[in-house]
Amino acid sequence: MLFTEKTIKLKDGRNAVLRGYRREDAPEVLELMKKISGETEFIVRYPEEWESCTVGQEEAWIEDAVSSPNKLALCCTVDGRIVGNCEIRFYTSKKLAHRSVAGVSVLREYWGLGIGSAFFAELIAAANEKGSGLIELEFVEGNDRARRLYEKFGFRVVSERPYAFRLKDGGYRKEFYMQKLLK
């Protein structure tokens with residue numbers, strides 16, 4: 001899906017830019033995901049799991065995201081640096097076409113500045129524009145910060161998956177499934 005670039009004001013007074021990905025973003029996006037994965041246990045992959053990903057694979061992902069009418073993927077830049085990303089995917093089969101799936105990630109040093117909220121405002125707008133009736137997402141037990149953000153935008157927990165995440169120390173975390181009904 002196409003997206004018109006937007007400048008937003010962060011809570012610390014700096015400007016940030018929300019925009020669609022560009023092919024040349026691939027190396028920086030790959031490094032972003034490695035770094036974010038190392039900053040929290042709430043991301044699906046560990047940083048080393050990104051090592052097998054190539055810039056070429058990331059370029060292909062970006063090309064798909066940009067050209068697909070059933071996906072919107074955005075990044076946020078501050079001072080020209082990509083500091084976060086988000087995505088919403090729309091189901092296409094008739095029985096699932098009312099559903100969409102969203103995800104957001106932001107570098108720790110940019111938490112609490114309004115980037116997550118700006119991302120969700122855009123994802124919800126895209127879902128409404130696409131005619132989606134439901135947005136879904138998951139979060140990991142203990143990620144209270146994310147849960148508060150999701151609830152602020154009207155998402156509600158509808159189920160949980162015990163033992164969904166197995167950590168390096170052998171411990172487990174639940175995964176909570178949330179939905180937001182749209183118009």
Side-chain angles (χ1 to χ4, degrees), residues 1-4 6 8-12 16-21 29 32-33 36-37 39-45 61 65 68-78 82-167 171-183:
M1 289 180 69
L2 295 176
F3 180 80
T4 303
K6 291 184 179 179
I8 61 169
K9 182 72 80 177
L10 299 179
K11 290 180 182 177
D12 67 1
V17 176
L18 301 182
R19 64 171 175 81
Y21 281 109
V29 172
L32 172 78
M33 294 315 299
I36 288 174
S37 296
E39 291 181 334
T40 176
E41 292 182 330
F42 304 128
I43 301 293
V44 173
R45 294 183 186 179
W61 181 87
S68 174
N70 298 309
K71 186 185 294 184
L72 176 66
L74 304 176
C75 63
C76 177
T77 64
V78 177
I82 298 175
V83 301
N85 60 14
C86 70
E87 178 182 358
I88 189 164
R89 294 179 318 273
F90 302 98
Y91 288 96
T92 57
S93 69
K94 289 181 182 179
K95 289 183 179 180
L96 303 178
H98 67 288
R99 295 170 56 193
S100 54
V101 179
V104 169
S105 59
V106 177
L107 285 170
R108 181 182 295 268
E109 67 184 277
Y110 294 89
W111 289 1
L113 296 178
I115 295 170
S117 292
F119 277 153
F120 268 99
E122 297 304 331
L123 295 177
I124 291 167
N128 281 320
E129 181 181 318
K130 188 76 175 168
S132 182
L134 180 70
I135 303 176
E136 306 167 328
L137 57 79
E138 294 92 22
F139 74 94
V140 178
E141 175 182 18
N143 195 352
D144 298 330
R145 197 178 178 84
R147 182 180 187 153
R148 284 190 301 275
L149 173 66
Y150 305 152
E151 288 175 342
K152 171 181 149 181
F153 280 90
F155 289 85
R156 296 293 170 249
V157 172
V158 295
S159 68
E160 64 182 62
R161 293 180 189 108
Y163 309 104
F165 274 56
R166 184 165 184 254
L167 304 177
Y172 291 91
R173 298 263 175 104
K174 294 177 192 175
E175 183 177 58
F176 294 93
Y177 172 73
M178 299 183 94
Q179 293 180 331
K180 174 184 175 57
L181 289 172
L182 300 172
K183 300 176 195 173

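This is a predicted model, so every value here is computed, not measured.
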For the atom pair [atom1] ([X]) and [atom2] ([Y]), what is the distance rounded to the nearest 0.5 Å?
| X | Y | atom1 | atom2 | result |
| --- | --- | --- | --- | --- |
| F90 | S68 | CZ | OG | 9.5 Å |
| K152 | S117 | NZ | OG | 2.5 Å |
| E160 | F139 | CD | CZ | 9.5 Å |
| R147 | L137 | CZ | CG | 11.5 Å |
| F155 | L149 | CZ | CG | 9.0 Å |
| M1 | I88 | CE | CD1 | 8.5 Å |

Is the closest side-chain heavy-atom distance between Q179 and R99 below 4.5 Å?
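Side chain of Q179 against side chain of R99, heavy atoms only: no contact under 4.5 Å found.
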
Flag the pair M178 / E138 as yes when at least one side-chain heavy-atom distance between them is below 4.5 Å, and no otherwise.
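When only atoms from C-beta onward are counted, E138 and M178 do not touch, as no gap falls below 4.5 Å.
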
Stepwise, does the side-chain contact (heavy atoms from CB on, under 4.5 Å) test hold for F165 with E141?
CA-CA 9 Å; F165 274 56; E141 175 182 18; over 6 Å; no

Output, in order, the C-alpha distance, side-chain angles, deciding distance and verdict of side-chain contact (heavy atoms from CB on, under 4.5 Å) for R19 and T77.
CA-CA 8 Å; R19 64 171 175 81; T77 64; 3.9 Å; yes

If we ignore angles and hydrogens, is there a donor and acceptor under 3.5 Å between the side chains of E175 and Y177?
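The criterion, which ignores hydrogens and geometry beyond distance, is not satisfied for Y177 and E175.
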
Considering non-hydrogen atoms only, spot the tightest contact between [X] and [Y] and give its length.
| X | Y | value |
| --- | --- | --- |
| S105 | I36 | OG-CD1, 3.8 Å |
| G20 | F3 | N-CD2, 4.1 Å |
| L123 | A102 | CD1-CB, 4.0 Å |

Aromatic plane relationship, Y21 with W61 - under 30° parallel, 30 to 60° tilted, over 60° perpendicular
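Perpendicular.
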
Start with the C-alpha gap between V158 and E136, add the side-chain angles, then the distance that decides, and say whether side-chain contact (heavy atoms from CB on, under 4.5 Å) holds.
CA-CA 10 Å; V158 295; E136 306 167 328; over 6 Å; no

Review item, side-chain donor-acceptor pairs of residues 127-135, under 3.5 Å, at least two apart:
| residue | atom | partner | partner atom | Å |
| --- | --- | --- | --- | --- |
| N128 | ND2 | I124 | O | 3.3 |
| K130 | NZ | P69 | O | 2.8 |
| K130 | NZ | N70 | OD1 | 3.2 |
| S132 | OG | H98 | O | 3.2 |
| S132 | OG | S100 | OG | 3.1 |
| S132 | OG | L134 | O | 3.1 |

Side chain to side chain contact (heavy atoms under 4.5 Å, CB included) partner of L107, the single match among I115, V78, V83
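Checked I115, V78, V83 against L107; only one passes side chain to side chain contact (heavy atoms under 4.5 Å, CB included): V83.
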
Less than 6.0 angstrom separating the ring centers of Y150 and F120, yes or no?
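Ring centroids of Y150 and F120 are less than 6.0 Å from each other.
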
How would you list, by chain and number, every residue that makes a salt bridge (charged side-chain N to carboxylate O under 4.0 Å, His left out) with K180, sequence neighbours excluded?
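For K180 there are no salt bridge (charged side-chain N to carboxylate O under 4.0 Å, His left out) partners, ignoring immediate neighbours.
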
Side-chain donor/acceptor of R108 to backbone N/O of E39, under 3.5 Å
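Here the side-chain-to-backbone pair exists.
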
Restricting to pairs with a member in residues 85-97, which pass salt bridge (Lys or Arg N to Asp or Glu O under 4.0 Å), not counting sequence neighbours?
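The answer is K71-E87, E87-R89.
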
